[in-house]
Amino acid sequence: MLVARGLRRLEVAARRALHGFVFPRSAASGMALPGTAARFHDYDAAVTSCIERRALREGRQVHARMIKARYRPPVYLATRLVIMYIGCDALEDARNVLDGMPERSVVSWTAMISGYSQTRRRVEALELFIQMLRTGCKPNEFTLATVLTSCCGPEGIHQVKQVHSLAVKTNFESHMFVGSSLLDMYAKSENIQEAHRVFDMLPERDVVSCTAIIYGYARQGLDQEALDLFRKLYSEGMQCNYVTFTALVTALSGLASLDCGKQVHGLILRKELPFFVVLQNSLIDMYSKCGKLLYSRRVFDNMPEKSVISWNAMLMGYARHGLGNEVIRLFKDLREEVKPDSVTLLAVLSGCSHGGLVDEGLDIFDIILKEQSAFLNPGHYGCVIDLLGRSGRLEKALNLIENMPFLPTPAIWGSLLGACRVHANVHVGELVAQKLLDMEPENAGNYVILSNIYAAAGMWKDVFKVRKLMLEKTLSKEPAQSWIILDKVIHTFHSSERFHPSKKDIDAKIKEIYVDIKASGFVPDLSCVLHDVDEEQKERMLLGHSEKLAITFGLMNTPPGFIIRVIKNLRICVDCHNFAKFVSKVYRREISLRDKNRFHLLRDGGCTCGHYW
DNA sequence: AACAATGCTA
């Protein structure tokens with residue numbers, strides 16, 4: 001029985017994955033309606049049949065027949081009606097039946113709460129749950145597991161804690177379904193310690209709880225921890241299904257570890273799982289974030305069925321790598337297969353921006369404005385402002401911000417400020433910076449860019465003013481770090497790294513490189529240093545940047561001709577970008593640099609970003 | 001009646 005249920009769940013999941021959550025409905029009516037003299041068993045059989053076939057129209061007829069015959073269904077049968085309506089996505093009808101019930105069972109309440117939960121109507125789910133408690137009905141393990149999935153709004157953590165305490169009182173805390181849901185919700189509200197504590201308390205570790213905790217780490221960006229935990233649980237014999245692998249692959253996208261990614265992909269292939277769109281989508285994304293677009297494309301091309309997300313993941317991959325023409329080509333193919341959504345449009349605009357296809361991007365934006373403007377959100381405008389900024393049309397960008405149907409977000413102003421830096425426009429830059437500093441006075445990055453703009457214009461007095469402002473506010477930015485993966489070992493570097501075991505060798509090598517590239521024309525960009533120190537010290541500080549250390553380490557530890565893949569957690573600094581360009585030329589090495597936003601592929605002194613990022 | 005679930009830009 002249990003096994004059969006498990007298999008059905010799997011099948012349901014597979015169908016959902018394949019058909020994008022749309023269940024096939026029964027086509028023709030094949031059921032005789034209960035007659036006027038019908039009794040409980042006749043109605044029960046009819047409603048059950050409708051539940052199984054998700055036959056809404058017939059269900060309504062049965063319900064109407066009951067009313068017409070003045071038949072008052074007992075709690076059980078009325079509950080079945082609620083379940084029937086929910087299964088047919090007719091939530092309002094279900095609610096009407098529930099509200100009309102003189103008595104309700106735990107099952108009736110829970111079914112309705114579950115209906116709201118599954119359709120993301122969280123507020124209604126929680127309100128109904130509270131109403132249920134007020135009437136004195138005691139929740140059971142089904143209710144708690146269900147209602148928890150609705151505790152993920154902004155107030156989520158408080159709600160989770162309340163339901164948690166209720167679970168403790170009712171002794172369901174360690175119930176597998178309740179516990180899994182609980183740990184997942186803690187993880188979703190960024191409370192991974194508590195999530196792990198709940199996980200450790202569960203009587204056993206099943207696929208769902210293991211997957212939820214691994215996903216929890218991956219979602220927080222604790223990718224290394226997610227991978228380590230998977231390794232541990234896997235060696236302890238944990239069961240895996242396609243959701244587990246989806247979680248794992250997501251963690252690997254964050255780590256950008258191509259070797260681990262390939263290894264896990266191999267493991268997945270050996271498991272001979274049936275086809276799941278979701279898992280394949282995560283593989284497309286993983287390979288593109290590891291810098292292997294060819295593999296992404298191979299996964300993409302081999303999919304027997306694609307969802308719009310598959311296309312979007314592939315588009316984003318091309319966009320991240322600055323391959324604008326590929327984005328536009330794939331977008332054309334996409335429109336013949338699926339309906340674009342707002343993420344598709346974002347990917348296309350972002351692809352045009354990263355690929356330097358300014359006019360093409362603006363044309364596409366015009367078409368979108370005419371045909372699908374309902375899809376547009378501030379993000380799309382952000383991409384277009386970036387596009388205008390790239391081509392130096394800063395006034396136009398400013399104009400668009402003022403006339404768009406949204407309030408500008410800090411990110412949008414930030415994008416324009418970056419453009420002002422690239423095009424050395426102090427006038428617009430000051431204007432934009434003023435808005436931005438008002439909105440996020442604590443964001444150190446904005447001060448840095450403004451001071452870069454002043455520095456590029458030689459306005460040293462103003463540079464000093466901005467620095468002073470920063471010092472007064474004692475702002476600190478997220479510490480920069482870069483990493484490189486060699487032989488499946490992750491080597492992480494921080495600025496002015498002091499603890500790496502190869503520190504001495506790296507220092508020696510970086511000085512050697514410095515001499516070589518300077519001889520080829522490299523000039524350090526001192527405006528990248530914001531500390532008020534003398535020039536010699538500035539040069540020394542620049543050499544300590546984490547991406548330079550990682551590149552140097554890669555150059556030392558890989559054979560000639562080997563591509564150096566470095567990942568950075570923030571945007572790459574101008575001086576380091578220049579450094580990498582010269583290294584690629586002088587040492588004849590390709591360098592793939594993934595920063596927070598995109599890939600830079602440096603080859604023979606040039607970069608795929610076109611020097612705008 | 002119930003737990004985990006892919007893509008998101010400057």
Side-chain angles (χ1 to χ4, degrees), chain A residues 9 13 16-17 21 79-80 82-83 86-87 105-115 117-118 140-149 172 175-185 187-188 202 206-216 219 241-247 249-250 253 276-286 288-289 307-317 319-320 341-351 353-354 377-387 389-390 397 409-419 571 596-598 613:
Chain A
R9 288 178 56 83
R16 282 183 179 207
F21 292 93
T79 304
R80 297 291 285 168
V82 172
I83 293 166
I86 290 169
S105 66
V106 201
V107 182
S108 12
W109 287 108
T110 304
M112 195 65 228
I113 293 168
S114 149
S117 288
Q118 281 166 12
N140 63 13
E141 65 273 37
F142 290 78
T143 325
L144 295 179
T146 302
V147 78
L148 275 167
T149 61
F172 288 126
H175 182 276
M176 287 307 287
F177 281 19
V178 178
S180 305
S181 202
L182 200 53
L183 84 83
D184 186 47
M185 293 329 284
K188 279 181 181 150
L202 289 173
D206 67 352
V207 200
V208 175
S209 52
C210 290
T211 305
I213 190 74
I214 291 171
Y215 228 110
R219 203 173 3 232
N241 62 16
Y242 83 102
V243 186
T244 324
F245 287 120
T246 306
V249 169
T250 304
S253 324
F276 293 103
V277 184
V278 177
L279 178 55
Q280 300 299 315
N281 289 348
S282 72
L283 284 168
I284 294 175
D285 186 54
M286 185 270 287
S288 101
K289 285 179 179 160
S307 66
V308 66
I309 294 182
S310 328
W311 291 90
N312 291 347
M314 197 65 235
L315 282 174
M316 288 301 319
R320 253 194 292 276
D341 67 5
S342 72
V343 178
T344 315
L345 304 181
L346 193 70
V348 174
L349 292 172
S350 152
S353 170
H354 282 312
N377 62 42
H380 299 101
Y381 282 89
C383 287
V384 179
I385 283 150
D386 204 50
L387 214 60
R390 165 188 279 275
T409 60
I412 285 183
W413 288 121
S415 159
L416 189 52
L417 190 64
R571 268 199 191 189
K596 201 176 182 185
N597 299 329
R598 61 165 293 156
W613 71 95

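Chain letters run A, B, ... following the sequence lines, proteins first and then strands; every chain starts at 1.
- Among the protein residues, A:H354 comes within range of the sugar-phosphate backbone only, with heavy atoms under 4.0 Å from sugar or phosphate atoms but none that close to a base.
- Looking at A:N140, its side chain has no donor and acceptor atom pair within 3.5 Å of the base of B:dA2.
- Of the candidates A:T246, A:D206, A:N241, A:T244, A:T244 is the only one forming a side chain to side chain donor-acceptor pair (under 3.5 Å) with A:T211.
- Using a 4.0 Å heavy-atom cutoff across all strands shown, A:N377 reaches no nucleic acid atom at all.
- Among the atoms of the strands shown, only primed sugar atoms or phosphate atoms (P, OP1, OP2) are found under 4.0 Å from some heavy atom of A:K289.
- Residues that satisfy the salt bridge (charged side-chain N to carboxylate O under 4.0 Å, His left out) test with A:D285, not counting sequence neighbours, are A:K289, A:R320.
- Checked by distance alone, A:S181 brings no side-chain donor or acceptor within 3.5 Å of a matching partner on the base of B:dC3.
- Between the side chain of A:Y215 and the base of B:dA5, no donor-acceptor pair under 3.5 Å is found.
- In this structure, A:R320 reaches the sugar-phosphate backbone alone: every heavy-atom distance under 4.0 Å involves primed, P, OP1 or OP2 atoms, never a base.
- Residue A:N281 is classed as a base contact, given a heavy-atom separation below 4.0 Å to a base.
- Among the heavy atoms of the strands lying under 4.0 Å from A:T149 are primed sugar atoms or P, OP1, OP2 only; no base atom is included.
- Contacts of A:I385 with the nucleic acid, taken as non-hydrogen atoms under 4.0 Å apart, are absent.
- Residues passing the salt bridge (charged side-chain N to carboxylate O under 4.0 Å, His left out) test with A:R598, sequence neighbours excluded: none.
- Backbone-only engagement by A:R80 is indicated by non-hydrogen atom pairs under 4.0 Å involving sugar-phosphate atoms exclusively.
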